[in-house]
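Beneath this line is the structure, given in structure tokens, with notes to follow.
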Amino acid sequence: MSEQTAHAAKSGWLNRALNAIEVIGNKLPDPAVLFALLMIVVWLSSWLLSGMTFAEVDPRTGDAIKINNLLEPTSLTAFMAKMVATFVSFPPLGVVLVAMMGLGVAEYTGYINAGLRSILSVTPKMLLTPVLIAVGVLSHVAVDAGYVLVIPLGAVIFYAAGRHPLAGIAAAFAGVSGGFSATFFVPSSLDPLLAGLTQASARLSADPAAAQLVINPLNNYFFTTASTFLIVIIGWVLTDKFIEPRLKNTAIDGDPADLPKMDALQPHERKGLRWATFAMVLSGVLLMVSAMPETSAWRSPLNGELTHSSAPLMQSIVGIIFVFFLIPGVVYGYVAGTANNHREIIKGMSKAMSGMGYYIVMAFFCAQFIYAFGQSNLGALIAIKGANWLQQMSFPMGVTLVGIVFLSGFINLLVGSASAKWALIGAVMVPMLMELGVSPDLTQAAYRVGDSSTNIITPLMPYFPLIVVFCQKYVKSTGIGTLIALMLPFSISMLLLWTCFLLGFWALDIPLGVGASYTYPVAG
């Protein structure tokens, strides 16, 4: 009884603390409005600082750095004249929309749903936890599909196996959201999105060469793929050895009639899945065969390499993601009977685009903010001053990386969108660290670790209330504090161990991804 009382007191304190964070976080404006407000701050700052002289030298001109006044008539008219071009040329916009059309077809026809159900249905009981977490990571290819598909399925399969359903939700949540920056061999739509923002931020650097810098969408691919195994191990150990024993005395009091069941794949779904998967594999084989010859058009015209930034293969990553999910999505739809004509395929694309309305609005204001920030020269001033301060402090590189991770994790508690946070802090962090010789690829990797690790403990994450509802189907008394207490061990473990994992990659000079480096400028 005393142990239960102590646990209740702890949960009550944690719940009050989280409620306070939620109140503070809810007072922050919407990310789109936040970008607009920050743009106004940039305008005013450029006006206030435009008449000041600074000792820092702009390497692009060799003169003392100067802040441009964006409130001058010529600057304001130029801003208005370029508003549309600034928006449509915003790097993350096109890549996300193109990738989402292919993924939208695969999700609409049911290929992704059937594939996940098939994997989970044949998993041995002893491997239930690691496979569920791995499937959660794999679901990232469909953006947010894991939240509405894998997490409730995690509860279902655990409940069907005689295990506590909240443990299934915790394991799936850890894979889908805690391991959001991990990729299980297949790149996710987050890769080109963050790479586009990193490229836009890197080009704010005062280094003239940065204006031509191209960030490969797979610049963190090796690290994020290897991270999947780390996330699975952490989640497996914690779920089976800590979380589930802790839930032993938590009664399942949900209405049995309302408890969902994991439906077995029907014959038409199995047939569609087989043909669709065959079509995806065949597409991959054909791509590999066409890329192998030394005279392949996929290779770089400069040096004949496939992984060079000038190689059409590397420039076509987003298009390849589109095709690789469009083809099996179409095949599954026709074979399984979920999409009987071309109009259904277009409807799937349209449905995916209809869900991108908010992102497009946010991208518009983000693009305008980044343009204004770059034109003002504030980024160059902050980067050079910050680099000079870091050089004076002489922090070891390992300490700098840890600082990036923990700063990102803290900001994530108040701002839920991964792209919104990176657009805000990357515009300062990336060019500043480039001045210290740190590559944008490494800075982005450190950000992704911190951002993912605290996803599962912030009630400001858009899907957090939905996870609470999933839990309440089984344990009616579940609240925000309950879910936070459930996920806190995952968050702390991931933050510490994943940071060490990144430091290990850096110390051993293991490649982060395709076309990536640890230093700037790239050696050689």
N/O donor-acceptor pair under 3.5 Å between [X] side chain and [Y] backbone:
X      : Y      : answer
Thr228 : Thr183 : yes
Ser118 : Ala114 : no
Thr109 : Tyr332 : no
Asn455 : Phe180 : no
Glu269 : Gln266 : yes
Gln199 : Val214 : no
Ser290 : Leu287 : yes
Ser491 : Met487 : no
Thr338 : Tyr334 : no
Ser408 : Ile404 : yes

Could you work out, with side-chain contact (heavy atoms from CB on, under 4.5 Å) as the rule, every residue matching [X], not counting sequence neighbours?
X      : value
Ala78  : none
Ala226 : Phe501, Phe505
Tyr108 : Glu344, Lys347, Lys351
Ala202 : Leu213, Val430, Met434, Pro440

Indicate the atoms forming the closest heavy-atom contact of [X] with [Y], along with that distance.
X      : Y      : answer
Gly409 : Thr454 : O-OG1, 3.0 Å
Pro301 : Pro312 : CD-CD, 4.5 Å
Ile345 : Ala339 : CD1-CB, 4.0 Å
Gln444 : Asn219 : NE2-OD1, 3.1 Å
Leu502 : Leu442 : CD1-CD1, 4.2 Å
Phe470 : Pro152 : CE1-CD, 3.6 Å

Can you find a pair of side-chain heavy atoms, one from [X] and one from [Y], that are under 4.5 Å apart?
X      : Y      : result
Tyr371 : Met39  : no
Cys471 : Val475 : no
Phe87  : Gln368 : yes
Ser517 : Asp441 : yes

Atom [atom1] in [X], atom [atom2] in [Y]: separation rounded to 0.5 Å?
X      : Y      : atom1 : atom2 : answer
Ile169 : Ile243 : CD1   : CD1   : 13.0 Å
Gln375 : Thr86  : CD    : OG1   : 8.5 Å
Ile320 : Phe325 : CD1   : CZ    : 12.5 Å

Check side chain to side chain donor-acceptor pair (under 3.5 Å) between [X] and all other residues, then give those that pass, not counting sequence neighbours.
X      : answer
Arg163 : Thr129, Asp240, Glu244
Ser181 : Arg448, Ser452
Thr239 : none
Ser376 : none

For [X], what residues pass the ring pair (Phe, Tyr, Trp, His ring centres under 6.0 Å) criterion, not counting sequence neighbours?
X      : value
Trp43  : Phe79
Phe373 : Phe369
Phe322 : none

* Any donor-acceptor N or O pair under 3.5 Å, side chains Ser453, Trp498 -> no
* Asked: If you count the non-hydrogen atoms of other residues, nucleotides and ligands that lie under 6.0 Å from CE in Met353, is the total more than 12?
  -> yes
Which atom pairs, one a donor and one an acceptor, fall under 3.5 Å between side chains of residues 274-282 and the rest of the protein, sequence neighbours left out?
from: Thr277; atom 1: OG1; to: Tyr111; atom 2: OH; distance (Å): 3.4
from: Thr277; atom 1: OG1; to: Leu273; atom 2: O; distance (Å): 2.8

